[in-house]
4 protein chains.
Amino acid sequence: MARVRVGDMRRRQLISATIDSIHDVGFSATTLQSISRHAGVSTGLVAHYFKDKDGLLEATLRSLASDLSAAIVEKLRQAVTPRDRLAAVVAGLLAPEQFEPRIARVWLAFWGQVTHAPKLKRVQNIYEKRLLANLRHAFKQVLPAEQAEEQAIALAALIDGLWLRAALSREPSNADQAQTLCLAFIDNVMERQRTSCSAA
Amino acid sequence: MARVRVGDMRRRQLISATIDSIHDVGFSATTLQSISRHAGVSTGLVAHYFKDKDGLLEATLRSLASDLSAAIVEKLRQAVTPRDRLAAVVAGLLAPEQFEPRIARVWLAFWGQVTHAPKLKRVQNIYEKRLLANLRHAFKQVLPAEQAEEQAIALAALIDGLWLRAALSREPSNADQAQTLCLAFIDNVMERQRTSCSAA
Amino acid sequence: MARVRVGDMRRRQLISATIDSIHDVGFSATTLQSISRHAGVSTGLVAHYFKDKDGLLEATLRSLASDLSAAIVEKLRQAVTPRDRLAAVVAGLLAPEQFEPRIARVWLAFWGQVTHAPKLKRVQNIYEKRLLANLRHAFKQVLPAEQAEEQAIALAALIDGLWLRAALSREPSNADQAQTLCLAFIDNVMERQRTSCSAA
Amino acid sequence: MARVRVGDMRRRQLISATIDSIHDVGFSATTLQSISRHAGVSTGLVAHYFKDKDGLLEATLRSLASDLSAAIVEKLRQAVTPRDRLAAVVAGLLAPEQFEPRIARVWLAFWGQVTHAPKLKRVQNIYEKRLLANLRHAFKQVLPAEQAEEQAIALAALIDGLWLRAALSREPSNADQAQTLCLAFIDNVMERQRTSCSAA
DNA sequence: CATGAATGAGTTTTCATTCAT
DNA sequence: TATGAATGAAAACTCATTCAT
C-alpha cells in the first residue's frame, strides 16, 4: 500500500511536470525530455509509469478534467434552487484556478489536439456531456424543455467563450467579471421567463 | 506580372495544402511531407516560398484571418443600424463556411499554438482587436460606454464559445442555430436597454 | 566515477572517429554519418555527448591542440639552456606523430575553417599565443628584446612552413630533415649574435 | 570574338564572386547561392559557364595561382643576380596583395580542401613545383647542389610559414616585415657561404 | 543568354523508446 | 525502482542541379 502511494506520487509528479511543460513551451515543443527536466527525473521513468508519451498525455488531460469535475461537484453540493445549481456550475468552471494561465493554456493546447486523438477525444466527451447535462437539468426546472436545451447550450457557450478569451489573452484574467457576466445571463433568462409567464 | 501571379498561386496552393493537412492529421502530425503530399509538390519548395515551416504556418493563419475579415467587412457594408452591424459581425463569424470542419479544426489547432508562438500571436491579436472594436462601436450607439464594453465582451465570448463547441463536436454543426442564439442575445440586451430607458 | 570514464571514452572515440573521417574524405565531406560509421555507433549519439556537429568539431580541434601542447610541455621539462628550450619546442611541433597524415591533414583542414568559425578560432588562438610566448622567452635570454621578437616569429614561421609543406605533399615526410633545418636556423641566429657581440 | 570576351567577363565575375564568398563565409558555407548573390546573377548561370560547382572552384584556384605566377614572372624579368632572383620570388609571394585577407584566406581555405580533391591537388602541385624550381635554381648558382636543395626548401617553408601566420592572424599583416625576414635569411645563407669559401 | 522555379537526394537534428546496470 | 546511454526512424532543412520560359 505504501508502494502504491509512492507510485501515485510519481504519477502526479509527472502529470504536473507535463502541465508545466505544456504551459512553458507549448504542446508540440513538449518532449519527454522537457517533461522529465521539469519533474527532475530521468526520461526513462515515464515508460515505467505510463507506458508511453501518449499514455502520459491522456492521464494529464484526465487529471485536469477530474479536478474540474470535483470542484463543480463540491460547489453543487451546497446548491438548493435551480439558480444555485447554475451558479455553482459557473463558479466551478470559471473559478480563479481555471483562469490561471498554467491551467487555461494547457486546456486550450489539449483542445487543439483532441480532434485528432481518439483517446483524448473520449476524455473530453465525458466532461462535455456531464457539463451540459447539469445545465440542462437546472434550466428544465424553470423553462420548457426545448428552451431549456437551447439556453443550456447558450450558457455553456458563453462560459467556454469567456474562458477561451481569457486563455488567449496575455493579461491576467478577471474571473470575477466573467462570473458576473454569466450570472447576468442566467438572471436575464429567468426574468424573461417569469415575465412571459405572468403575462400569459 | 504573370510571374508574380504564378508565385502567388503556388503560395496559395501550399497554404491550402497546409490547412488540409492540419485538418486531416492535426497540428503536431503535420509535417512538410504531409503538406507537400497534399500540394503535390516536393518538400523543398516550401523553403522557396516561405523560408521554413514556421513561415508557412504563419502565412496560413494570416490567410485564415484575412478571409474571415474580408467576409465580415463585406457583410458590414450593407449594415445600417447598430443591430445590423452586430448581426453582420455575427453572420460573418458564424457563417456556415467557418463551421466547416476543414476551417474550424484548423482555427482550433492554431489557437492551441498561438500562446507559444509570438509570430502567430501577433496575427491573432490583430484579428482579435478588430473584432472587439467592431462590436464595441455598435453597442456604444445604443448603450452607455461601460455597458457597451461589457456586452461587447459577452457577445464576443458567446460567438467564440458557440463556434468552439461546434469545432469540438463531431456532428455537422448548425450555423443557423448558433446565429439565432446570438441574435436573441443582442435583441435581449437592446430590449432591456429600451425598457430601462422608458422606465426612467 | 566509472560512469564518468565511460562517457569520456565515448567522447574520445567520437573525436578519434572525426579525425579519421576528416583524414579519409576531407572536411566538407565529413558528415555525422561518416563519423558515426567510423566510430561504429549511431548518428544520434553525437547529440548525446557534444550537442551538435559543431560541438564535436570544436572538441576535436581542442583535443589535437592539447595533445600537441602536452608533447611540447613534456619535452620542455628536460630543457636547461635557451637552445634546449627552442629545440624542445621544435621537437614537439615537428615530432614524427605531427607529420603523420592522419594528424597533419586534419590540422590543415581545421586551419581552413578557423577563420570563419569563431569558436574554432578561439581554440587556435590559445595554442598560437602559447607557442609564440615559448619561443620569444627563449630568444630573449640570448638576444635583445626586439630581435628576439623578430626571430621568434621567423622560427615559428619556419616551423609552420615546414610542417605545412609536409602536410600538402603526398610523400611520407621527413620529420628529421625538418628538425635539422630548424636547428640550423637557431644555431645560425645564435652564432651571429655571438659574433656581433664579440666583435663589438 | 566579342562573344568570347563577354563570356570571359562573366567567368571572371563568377570567379571573383567565389573568392568573395569564400572570404566572407568560408569554404564549406559557400554555396552556389552565396556565390551568385555576390555576383548579382542567378544560380543557374554557373552551369552555363563552368559545368558545375567543382568546375567553378577549380577555375577559381587556377585563377589565384596564375595571378600569383604572373606577378612572380614579372618581377623575375628585372632580376640579374641570383640574389635578385630570390628576392623577386620573395617579393612576388609576399606581395601586399597576397597578404590581403581576401586572397590569403581563400588560399588557406583551398589548401584545406586540396588533399581530398585530385583536381585541385593538380593545380596546387604545378604551382608548388614551379616555385621550388625557381628557388633551387637561384641557390645553385651560389651553393653546392645539396645545400642549394636544402636551403630552397627552407626558404620556401619560411615564405609559406610567414604567409600562413598572416592568413590566420586577424591583424592587418605586415608584408614588409615578412619580406625583410626572408631577405635576412637569404643574405645570411649567402654570407655563410662566402665566409666558409674564403676560409677554405 | 539568363532566370529562377522546382526537384530530390543528402545532411543535421530531434526524439520516443529500449535496455543494461 | 531509477538512470541515462544508445538506438534508429523521422523530422526539418540545405543545396547542387535541371529545365521551361
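Sequence lines set the chain letters: A, B, ... in the order given, protein chains first and strands last, and positions in each chain run from 1. If you're wondering where the values come from, they're calculated on a predicted model, not measured in any experiment.
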Just by distance, do the side chain of [X] and the backbone of [Y] share a donor-acceptor pair under 3.5 Å?
{"X": "A:Gln13", "Y": "A:Ala39", "result": "yes"}
{"X": "C:Arg62", "Y": "C:Val123", "result": "no"}
{"X": "D:Ser36", "Y": "D:Leu32", "result": "yes"}
{"X": "D:Thr60", "Y": "D:Leu56", "result": "yes"}
{"X": "B:His116", "Y": "A:Ile22", "result": "yes"}

So, is D:Ser42 near the phosphate of E:dT3, with a side-chain N or O under 4.0 Å from OP1 or OP2? yes

Gap separating the CG atom of C:Leu14 from the CD1 atom of C:Ile35, nearest 0.5 angstrom: 8.0 Å

Interatomic distance, C:Leu168 atom CG to C:Arg105 atom CZ [nearest 0.5 angstrom]: 10.0 Å

Is there a side-chain contact between D:Leu68 and D:Trp107, using heavy atoms and a 4.5 Å cut-off? yes

Grab the stems for DNA chain F, please: at least three consecutive Watson-Crick or wobble pairs, both distances below 3.5 Å, written as range with range. E:2-21 with F:2-21

Can you check the [X] [atom1] to [N] [atom2] distance for me, whole Å?
{"X": "C:Tyr49", "N": "E:dT13", "atom1": "OH", "atom2": "P", "value": "18 Å"}
{"X": "B:His48", "N": "E:dA6", "atom1": "NE2", "atom2": "P", "value": "7 Å"}
{"X": "D:Ile35", "N": "F:dC15", "atom1": "CD1", "atom2": "C1'", "value": "12 Å"}
{"X": "D:Phe50", "N": "E:dA2", "atom1": "CZ", "atom2": "P", "value": "12 Å"}
{"X": "D:Leu14", "N": "E:dA2", "atom1": "CG", "atom2": "P", "value": "10 Å"}
{"X": "B:Arg11", "N": "E:dA6", "atom1": "CZ", "atom2": "C1'", "value": "14 Å"}
{"X": "B:Arg10", "N": "E:dG4", "atom1": "CZ", "atom2": "C1'", "value": "13 Å"}

With B for base contact, S for sugar-phosphate-only contact and - for none (protein heavy atoms under 4.0 Å), nucleotides 15-20 of chain E reads SSB---

Assign B:Val41 to base, sugar-phosphate, or nothing according to its heavy-atom contacts below 4.0 angstrom with the strands shown. sugar-phosphate

Distance alone, cut at 3.5 Å: any donor-acceptor contact between the side chains of C:Arg102 and C:Ser16? yes

How far does the P atom of F:dT21 sit from the matching atom of E:dC1, given to the nearest Å? 22 Å

